[in-house]
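Working notes, beginning with the structure itself.
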There are 2 protein chains.
Amino acid sequence: MFKEKAIEALKNAGFKLTKPRMWIVEYLDGNKNHPSAVEIYDDLRKDKKYFSFATVYNTLDTLVKAGAIKQITVDPTCSRFDPDISEHGHFVCKICNKVYDLENIQIDFEKDYIAEIEHIDLHIKGVCKNCKKQ
Amino acid sequence: MFKEKAIEALKNAGFKLTKPRMWIVEYLDGNKNHPSAVEIYDDLRKDKKYFSFATVYNTLDTLVKAGAIKQITVDPTCSRFDPDISEHGHFVCKICNKVYDLENIQIDFEKDYIAEIEHIDLHIKGVCKNCKKQ
DNA sequence: ATTAGTGCAAACACTTTGCACGGGT
DNA sequence: ACCCGTGCAAAGTGTTTGCACTAAT
């Protein structure tokens with residue numbers, strides 16, 4: 001389960017388990033929407049969880065540093081966050097802007113300049129089958 | 001040559017060949033730095049080419065629409081642009097922030113949700129050999 | 001008790017917009 | 001001559017910062 005692993009990761013990295021952090025961790029648990037900081041803030045505020053914008057950004061940064069989540073750059077307008085830290089790709093539909101996960105990717109590339117790999121992300125942009133129908 | 005192809009693409013799409021557009025096309029010709037709009041603006045201004053920010057953004061948008069360049073999202077802080085429209089990946093060094101091209105990539109993935117592919121970009125983040133040395 | 005984390009509001013950086021003017025076709 | 005493209009300045013977003021206060025350990 002994501003929540004337990006995220007809490008472990010925070011503890012191991014010496015971070016405290018504060019309320020806003022727990023709310024955000026719970027929000028991200030099982031979330032497949034690749035939410036942005038603003039979406040996380042809005043949704044949790046609707047849910048009567050009160051905290052500031054600075055806290056969302058700080059917490060997301062903390063979770064990335066603790067290795068609990070990944071920051072993805074599919075969207076040119078804002079950073080999005082993914083609780084699924086397994087190596088996988090993303091497909092963005094340019095009509096509906098939904099971000100789909102791409103599992104089971106096979107990638108081969110030259111490592112000429114590369115000394116260390118921190119994270120791999122495959123970005124594909126196009127039209128999803130849902131939008132194509134219309 | 002990129003410049004000739006870009007001019008063709010602009011003409012074909014019915015866009016005019018204005019001075020700022022030509023400066024930006026020339027600036028991008030052979031450029032491997034994946035520059036941002038701000039970098040393009042600053043560099044060309046240093047080179048005594050006068051035009052506004054709005055024009056950089058408009059022109060880059062126009063060039064993307066004309067299919068002459070690609071917008072890449074490797075950098076979470078800003079959009080970067082690539083005159084190389086061939087299918088290739090990008091490696092970003094988290095120390096020096098340089099963006100390297102990755103040629104000869106082989107990718108295989110499931111197309112379950114995908115009806116149309118517009119563009120594929122492989123993003124790898126890590127440490128480059130140059131920075132690792134130090 | 002200690003120190004990391006939070007809230008707030010202002011500042012920032014990148015990007016977009018609206019409208020009058022100027023230059024390519 | 002027409003109308004797209006440009007310049008300007010202002011506004012819009014997403015994100016970061018500094019400092020006083022609060023709460024987790």
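Throughout, a chain's letter reflects where its sequence line sits, starting with A, and its residues are numbered from 1.
Between the CG atom of A:Leu63 and the P atom of C:dA4 there is a distance of 18 Å, rounded to whole Å. Rounded to whole angstrom, the span from the CG atom of A:Leu10 across to the C1' atom of C:dG5 amounts to 12 Å. When the P atom of C:dC14 is taken as reference, atom CD1 of B:Ile40 falls 13 Å away, rounded to whole Å. When the P atom of D:dA24 is taken as reference, atom CH2 of A:Trp23 falls 10 Å away, rounded to whole Å. Atom CG in A:Asp75 sits roughly 15 Å away from atom P in D:dT13 (whole-Å rounding). Whole-Å rounding puts the A:Lys11 NZ to D:dA24 C1' distance at 13 Å. Spacing between atom CZ of B:Phe51 and atom P of D:dG7 amounts to 8 Å, rounded to whole angstrom units. Atom C1' of nucleotide C:dT6 and atom OH of A:Tyr41 are separated by 13 Å, given to the nearest angstrom.
Contact check on A:Asp29 versus A:Lys3 returns no salt bridge, with no Lys/Arg side-chain nitrogen under 4.0 Å from an Asp/Glu carboxylate oxygen. Using a 4.0 Å cut-off between charged nitrogen and carboxylate oxygen, B:Asp42 and B:Arg45 do not count as a salt-bridge pair.
Classification of the A:Tyr100-B:Tyr113 ring pair by plane angle, with boundaries at 30° and 60°, yields parallel. Between B:Phe53 and B:Tyr57, the ring-plane angle classifies as parallel under the 30° and 60° cut-offs.
Residues B:Lys19 and B:Gln71 both approach DNA chain C. Their nearest nucleotides, taken by heavy-atom distance, put B:Gln71 toward the 5′ side. Nearest-nucleotide positions on DNA chain C place B:Arg80 closer to the 5' end than the other of B:Phe15 and B:Arg80.
Distances from the side chain of B:Ser52 to the nucleotides D:dG5, C:dT6, D:dC8 place D:dC8 closest. When distances are taken from the side chain of B:Arg21 to each of D:dT25, D:dT6, C:dT15, the shortest belongs to D:dT6. Comparing atom distances between the A:Ser79 side chain and each of C:dT6, C:dT25, D:dT15 picks out D:dT15 as nearest.
Taking the centre and axis of the six-membered ring of A:Phe15, the NZ or CZ atom of A:Lys11 falls outside the cone set by 45° and 6.0 Å. Cation-pi check for B:Lys48 over B:Tyr50 is not met; the charged atom does not lie both under 6.0 angstrom from the ring centroid and within 45 degrees of its normal.
Residue A:Thr77 places no side-chain N or O under 4.0 Å from the OP1 or OP2 atom of C:dT15. Residue A:Thr18 has a polar side-chain atom (N or O) positioned under 4.0 Å from OP1 or OP2 of C:dT6.
Listed by residue number, B:Ala54, B:Tyr57 are the residues of residues 53-62 of chain B with a heavy-atom contact under 4.0 Å to DNA chain C.
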For this session: Apply side chain to side chain contact (heavy atoms under 4.5 Å, CB included) to A:Ser36 and A:Ser79, showing your working.
Result: CA-CA 6 Å; A:Ser36 65; A:Ser79 283; over 6 Å; no
